[in-house]
Amino acid sequence: MKLKRPVVSLLAIGAVASLGLTGCAGGTSAGGGSSADAKDIKLTFIQGVAGDPFYVTMQCGVDAEAKKLGVTVNTQGPAKFDPTLQKPIVDSVVATKPGAILIAPTDTAAMQAPLKAATSAGVKVVLVDTTVKDPSFATSQISSDNVGGGEAAFKAIKSLAPSGGKVLVISTDPGVSTADQRVEGFETAAKADSDFSYLGVQYSHNDPATAAKLTTAALAKDSDIVGVFAANTFAAQGVATGIRQAGKEDSVKVVGFDAGADAVTQLKNGTVQALIAQQPALIGKDAVQQAVAAIKGEKVTAKIPTGFFAITKDNLEGEGANYVYKTTC
Ligand code: T6T
């Protein structure tokens with residue numbers, strides 16, 4: 001089934017997030033392009049981390065669109081979500097002079113200079129998912145509304161724990177733009193609600209074992225925590241483990257970002273109550289379109305926001321099934 005754009009729904013848990021997105025924010029002419037033949041256009045997609053179901057699904061969108069447009073795309077990704085591993089990949093890809101790089105930068109500061117250098121070397125840069133401190137060099141930026149997603153996660157916890165109480169966030173690392181924005185959205189919403197007490201954010205370094213330890217330690221300190229927001233796939237995996245280890249499945253509500261196979265299992269098991277699923281394949285598809293338009297000197301769109309969908313046990317077999325991430329294309 002084809003996904004609509006944008007998709008924003010928390011209906012099954014009674015909370016509605018409204019983004020008012022148009023999917024088109026100010027078209028600009030790419031400039032400096034040529035009327036290149038599709039068969040001569042070469043793109044490289046650089047993931048945030050290889051093997052992450054979010055980027056695997058994005059690659060499916062990238063590959064399908066590249067095939068449709070008749071361009072060549074090559075995918076690479078670091079073994080960890082780590083700028084010290086991603087930067088050398090960028091440098092070596094730029095040396096091969098592709099027409100464009102589609103990239104999820106792993107850090108807002110550390111990836112700024114390497115990506116700016118790529119554009120100075122004549123390689124167009126399309127930012128997917130994450131961004132950098134000053135993305136003005138980028139051809140286009142395509143990502144979910146992550147602040148909205150964080151707000152939606154809070155609304156989901158509120159609807160699951162309506163009497164309120166203590167809530168905690170487990171994120172990845174500061175400097176990951178998407179996760180920082182999710183935390184911001186959650187924090188703003190939690191602090192504005194006097195029924196809830198916001199315990200802050202802790203960082204798991206994208207490592208599920210660390211996220212599990214942080215969760216059990218937080219529950220040992222505050223046994224009355226009512227909700228945890230896990231800001232991405234690996235945080236959610238660890239939080240679910242921590243909740244199980246602490247025997248708190250019945251009292252702590254967990255909302256995780258992303259919808260890989262593990263997350264779906266946790267949803268079915270009842271350790272996680274809602275998943276904020278992004279649309280990674282759509283992000284990948286849009287990124288290829290923008291890169292190709294830029295290379296051809298056609299109009300590009302500076303920012304393209306994509307939507308999200310809250311998957312719960314109630315909609316998992318229905319509409320929610322369309323938003324589960326892929327393990328292969
Ligand atoms: O949540 C996604 C992505 O949006 C984020 O930037 C990094 O983590 C994920 O890849 C999930 O692991």
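All heavy atoms count here, side chains included; hydrogens, waters and symmetry mates do not. In listed order, ligands and their atoms are each counted from 1. Here the structure is a predicted model, which means the values were calculated and not measured. We number each residue from 1, following the sequence as shown.
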> Which is it for R182 and ligand 1 at heavy atoms under 4.0 Å: side chain, backbone, both or neither?
Replying inline: side chain

>> Students should be able to answer this: which protein heavy-atom is nearest to atom 2 (C) of ligand 1, and at what distance?
In response: D258 OD2, 3.4 Å

>> What protein heavy atom lies closest to atom 12 (O) of ligand 1? Include the residue and the distance to one decimal.
In response: D52 OD2, 2.6 Å

> Looking just at side-chain N and O atoms, do T106 and Q86 make a donor-acceptor pair shorter than 3.5 Å?
Replying inline: yes

> Against heavy atoms of T178, which atoms of ligand 1 measure under 4.0 Å?
Replying inline: 5 (C), 6 (O)

> Under 4.0 Å from any heavy atom of N232, which atoms of ligand 1 are there?
Replying inline: 1 (O), 7 (C), 8 (O), 9 (C), 11 (C), 12 (O)

> Got the closest protein heavy atom to atom 3 (C) of ligand 1, with its distance?
Replying inline: D129 OD2, 3.3 Å

> Just by distance, do the side chain of T130 and the backbone of P105 share a donor-acceptor pair under 3.5 Å?
Replying inline: yes

> Which of the numbered atoms in ligand 1 are below 4.0 angstrom from a heavy atom of T233?
Replying inline: 11 (C), 12 (O)

> Just going by heavy-atom distances, which of F54, F257, Y325, Y55 is nearest to atom 7 (C) of ligand 1?
Replying inline: Y55

> Is it true that F81 and V132 fall in one hydrophobic cluster, defined by side-chain heavy atoms closer than 4.5 Å?
Replying inline: no

>> Regarding ligand 1, does Q278 bring an N or O atom to under 3.5 Å of one of the ligand's N or O atoms?
In response: yes

> Where the side chain of S143 meets the backbone of V128, is there a donor-acceptor pair that is under 3.5 Å apart?
Replying inline: no

> Can you list the ligand 1 atoms lying under 4.0 Å from a non-hydrogen atom of F234?
Replying inline: 12 (O)

> Any N or O of N206 that comes nearer than 3.5 Å to an N or O of ligand 1?
Replying inline: no

>> Within the 3.5 Å criterion, strictly below it, is a donor on T271 or N269 matched to an acceptor on the partner's side chain?
In response: no

Let me have the donor-acceptor pairs involving side chains of residues 46-72, under 3.5 Å, with sequence neighbours excluded, atom names and distances please.
unit_1 : atom_1 : unit_2 : atom_2 : d
Q47    : NE2    : Y55    : O      : 3.4
D52    : OD1    : F54    : N      : 2.8
Y55    : OH     : D129   : OD2    : 2.7
T57    : OG1    : P53    : O      : 2.6
T57    : OG1    : K326   : N      : 2.8
Q59    : NE2    : D63    : OD2    : 3.4
E65    : OE2    : Q289   : NE2    : 3.0

>> Checking the side chain of S223 only, and the main-chain atoms of A220 only, is there a donor and an acceptor separated by less than 3.5 Å?
In response: no

> Can you find a heavy atom in the side chain of Q278 that is under 4.5 Å from one in the side chain of D258?
Replying inline: yes

> Which atoms of ligand 1 are found less than 4.0 Å from any heavy atom of T130?
Replying inline: 6 (O)

